[in-house]
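Lettering follows sequence order; numbering is per chain, from 1.
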Protein chains: 2
Amino acid sequence: MQGEDSSGAAELQFSVDRSSPVPLYFQLSQQLEAAIEQGRLAPGSLLGNEIDLAGRLGLSRPTVRQAIQSLVDKGLLVRRRGVGTQVVHSQVKRPLELSSLYDDLEAAGQRPATRVLRNTTEPATAEVAAALGLAEGTDVVLIERLRLAHGEPMAHLCNWLPAGLFTLDSAELEGTGLYRLMRAAGITLHSARQAVGARAATAEEGEELGEPEGAPVLTMERTTFDDTGRAVEFGSHIYRASRYAFEFQLLVRP
Amino acid sequence: MQGEDSSGAAELQFSVDRSSPVPLYFQLSQQLEAAIEQGRLAPGSLLGNEIDLAGRLGLSRPTVRQAIQSLVDKGLLVRRRGVGTQVVHSQVKRPLELSSLYDDLEAAGQRPATRVLRNTTEPATAEVAAALGLAEGTDVVLIERLRLAHGEPMAHLCNWLPAGLFTLDSAELEGTGLYRLMRAAGITLHSARQAVGARAATAEEGEELGEPEGAPVLTMERTTFDDTGRAVEFGSHIYRASRYAFEFQLLVRP
DNA sequence: CCCCGCCGTTTGTCCGGACAACCGAACTTC
DNA sequence: GAAGTTCGGTTGTCCGGACAAACGGCGGGG
């Protein structure tokens with residue numbers, strides 16, 4: 001038995017700034033998250049009861065609970081009635097965000113690059129129209145890109161967006177991901193429907209990706225919606241299975 | 001302009017049972033969710049302000065807020081300060097749960113079946129030991145299964161569990177999924193780390209799945225943790241790409 | 001020695017109120 | 001007519017308190 005494991009955060013110093021416009025519960029949750037991240041709050045250690053914590057910080061219990069709850073939702077803390085709140089043992093990293101491949105590669109230390117093959121406006125095919133909830137033949141923007149890492153092709157990306165949603169500059173697309181541009185344009189992404197599968201590459205696809213014909217490729221189709229429910233993007237992507245796999249963490253809803 | 005779209009849930013009837021052990025906020029959130037599911041609350045319609053809703057139900061505003069917040073977390077509602085709470089327009093289905101293939105197939109109307117090929121205890125290989133956080137050579141349970149739908153092979157599943165975690169009956173495994181059994185045994189699943197990729201099937205794998213050698217297959221590796229942080233399961237799965245794809249919905253964290 | 005119930009601790013739920021921040025629309029002003 | 005301003009309505013944040021429910025350890029009884 002190590003007493004440390006249970007002593008927890010009693011001696012940890014947290015503080016809030018009431019003059020800040022940042023909500024108090026958010027200030028606290030950020031400090032707690034940072035302490036967990038840096039190991040100052042050891043996995044398995046108890047956080048100390050909410051009443052005392054509130055008292056030490058000069059906050060009310062609901063505010064402290066709100067801060068804790070946000071970290072529980074992130075999977076960093078676990079609450080047990082009659083026991084207390086403790087830091088989870090496992091290494092929780094990132095619970096599957098809606099991030100672009102560009103950000104993924106950049107975070108992994110790869111040097112991503114993009115080659116824009118097409119950036120045009122076309123009438124929507126039946127499949128694209130159905131995915132975006134538009135009438136067939138409506139004008140949509142088609143973006144075809146090749147994503148590279150360390151100069152090697154990684155994926156072939158086709159995206160369709162409703163025309164007029166916002167202007168897409170090819171130069172900007174070379175330097176960052178699509179989602180970053182959409183967020184910057186004031187579009188609030190809300191949810192996405194995805195399908196991940198696999199198939200054999202056609203000769204043309206193999207050519208583009210540097211794989212032989214018939215090589216296995218990962219496929220992903222995704223429709224993204226904003227918070228008004230409009231479909232704002234439909235993508236059909238192909239990844240080199242020999243060089244890429246989707247990695248993510250998911251949490252279980254209690 | 002249709003007034004209906006904004007009139008919202010004013011005339012909808014909700015009620016709570018204070019003698020029930022089910023929390024009041026949960027009763028309300030279930031009724032709201034059912035109303036949305038059945039279309040009684042139209043997409044885009046406003047929910048009516050929280051104060052009135054609380055008054056009509058004889059609840060306090062925090063309780064109503066808690067009910068609404070749980071549906072916001074599920075992606076069914078969107079709140080806008082100064083505007084109100086409205087039902088999202090898009091069809092939100094299921095935000096990617098940690099569910100077994102068995103449940104997925106059953107929900108899709110396929111008739112799943114399982115053939116248990118192996119159910120033994122063996123010393124852990126280096127790979128399995130690393131995934132489960134055990135010492136190499138520690139005894140682990142190995143379960144090898146073939147999953148069928150409509151009598152056709154769909155996937156080949158290999159799972160390793162720490163020995164002694166709970167007893168696995170082959171007969172039970174034929175009738176349901178692994179996660180359901182684990183939950184029934186009192187193990188609270190907390191999070192999982194997954195990797196989804198693709199490759200060509202070996203001759204042996206093709207034989208088992210009814211695919212030619214070299215056919216593309218989807219691969220998934222998954223390590224599942226309980227809420228104490230222990231790894232409770234490691235799985236290495238292969239799916240017929242011609243017959244199966246992962247479909248899921250994901251929400252954007254605000 | 002083992003099982004069972006008691007009891008303190010801690011989180012879960014719920015209340016009622018207060019003020020701030022924000023949005024949209026009506027209004028005023030130029 | 002257009003732009004800026006005010007104002008009502010709604011959600012966001014925060015407080016202090018109260019009781020209930022679950023867990024774990026303790027002691028008593030078999």
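Residue A:Q86 contributes atom CD, which lies 13 Å from atom C1' of C:dT10 at whole-angstrom precision. At whole-Å resolution of the value, CZ in A:F26 and P in C:dA21 are 17 Å apart. Rounded to whole Å, the distance from CG on B:N49 to P on D:dG8 is 16 Å. The CG atom of A:L46 sits 15 Å away from the P atom of C:dT9 (whole-angstrom rounding). To the nearest angstrom, P of C:dT10 lies 9 Å from CD1 of A:I51. Between the CG atom of B:L53 and the P atom of C:dC15 there is a distance of 12 Å, given to the nearest Å. Nucleotide C:dT11 holds its P atom 12 Å from the CD atom of A:Q69, rounded to whole Å. One interatomic measurement links the two molecules: CZ of B:R18 to P of C:dC14, which rounds to 8 Å at whole-angstrom precision.
Using a 4.5 Å heavy-atom cutoff, the side chains of A:L47 and A:L32 are in contact.
Considering only side-chain atoms of B:E50, the nucleotide from C:dC14, D:dC14, D:dG12 that sits closest is D:dG12.
Partners of B:D52 according to the side-chain hydrogen bond (donor to acceptor under 3.5 Å, both in side chains) rule, which considers only residues two or more places apart in sequence or in another chain, are B:N49. Every residue meeting the ring-ring contact (aromatic ring centres under 6.0 Å, His included) condition with B:F246, not counting sequence neighbours, appears here in chain and number order: B:Y239, B:Y244. Under the rule for a salt bridge (charged side-chain N to carboxylate O under 4.0 Å, His left out), the partners of B:E50 that lie at least two apart in sequence or sit in another chain are B:R61, B:R65, B:R79. With sequence neighbours left out, B:E233 forms a side-chain hydrogen bond (donor to acceptor under 3.5 Å, both in side chains) with B:N159, B:Y179, B:T224. Under the rule for a salt bridge (charged side-chain N to carboxylate O under 4.0 Å, His left out), the partners of A:R80 that lie at least two apart in sequence or sit in another chain are B:D227. B:E122 meets the salt bridge (charged side-chain N to carboxylate O under 4.0 Å, His left out) test with B:R118; sequence neighbours excluded. Remark: B:E174 pairs with no residue by the salt bridge (charged side-chain N to carboxylate O under 4.0 Å, His left out) rule, at least two apart or across chains.
The overall bend of the helix from C:dC1-D:dG30 to C:dC30-D:dG1, read as the angle between its terminal helix axes built from five base pairs each, is 10° when rounded to 10 degrees.
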Nucleotides 4-7 of chain C: which of its N/O atoms have a protein N/O under 3.5 Å away?
none

At a cut-off of 3.5 Å, list every protein nitrogen or oxygen paired with a nitrogen or oxygen from nucleotides 17-20 of chain C, distance to 0.1 Å.
{"from": "C:dA18", "atom 1": "N6", "to": "B:R61", "atom 2": "NH1", "distance (Å)": "3.4"}

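A distance-only check finds a donor-acceptor pair linking the side chain of A:H89 to the backbone of B:T228 [under 3.5 Å].
Note on residues 22-33 of chain A: pairs passing side chain to side chain donor-acceptor pair (under 3.5 Å), not counting sequence neighbours, are A:E33-A:K74. Contacts classified as salt bridge (charged side-chain N to carboxylate O under 4.0 Å, His left out) and involving residues 129-141 of chain A (residues at least two apart or in different chains) are not found.
Contact annotation: B:T85 does not reach the phosphate of D:dT10 (side-chain N/O to OP1 or OP2, under 4.0 Å). For the pair B:Y25 and C:dT13, the criterion of a side-chain N or O lying under 4.0 Å from OP1 or OP2 is met. An OP1 or OP2 oxygen of C:dG12 is reached within less than 4.0 angstrom by a side-chain nitrogen or oxygen of A:R79. Contact annotation: A:R65 does not reach the phosphate of C:dT10 (side-chain N/O to OP1 or OP2, under 4.0 Å). Taking only side-chain nitrogens and oxygens, B:T63 never comes nearer than 4.0 Å to OP1 or OP2 of C:dT13.
Note: B:E221 CD to B:Q194 CD = 11.0 Å, rounded to the nearest 0.5 Å.
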